[in-house]
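I have placed the structure first, in the form of structure tokens, so that the comments after it can refer back to it.
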Amino acid sequence: MALWLILIIAGVVMIVLGVAVEAAKVLLWIGVILLVVSLIGWLVGRGRRAV
């Protein structure tokens with residue numbers, strides 16, 4: 001499973017449970033950043049194959 005998905009799910013669960021809210025926010029941001037980076041890498045890889 002993708003690391004970004006695990007981080008986002010863990011952050012959401014921690015926020016819902018109210019445990020370590022600051023740490024959950026950090027996990028969410030790291031997950032979102034990893035998601036964006038992986039999407040950019042995927043798009044660049046598809047673009048190279050098309051050319």
Heavy-atom closest pair (Gly31 atom, Trp4 atom, distance to 0.1 Å) is O-CB, 3.3 Å

Are side-chain heavy atoms of Leu7 and Leu28 found at a separation under 4.5 Å? no

Report whether Leu34 and Trp42 are members of the same hydrophobic cluster (ILVMFWY, side-chain heavy atoms less than 4.5 Å apart, transitive linking). no

Val13, Val21: one ILVMFWY side-chain cluster at the under-4.5 Å cut-off? no

Using the rule that Ile, Leu, Val, Met, Phe, Trp and Tyr join whenever any side-chain heavy atoms are under 4.5 Å apart, tell me whether Leu5 and Val16 fall into a single cluster. yes

Might you point out which heavy atoms bring Gly11 and Ala24 nearest each other, and give the distance in Å? O-CB, 3.4 Å

Rounded distance (nearest 0.5 Å) linking atom CD1 of Ile8 with atom CD1 of Ile30: 11.0 Å

To the nearest 0.5 Å, how far apart are CG in Leu3 and CG in Leu35? 11.0 Å

Would a hydrophobic clustering, with Ile, Leu, Val, Met, Phe, Trp and Tyr connected at side-chain separations under 4.5 Å, put Met14 with Trp29? no

Among the clusters formed by ILVMFWY side chains lying less than 4.5 Å apart, do Leu39 and Ile9 turn up in the same one? yes

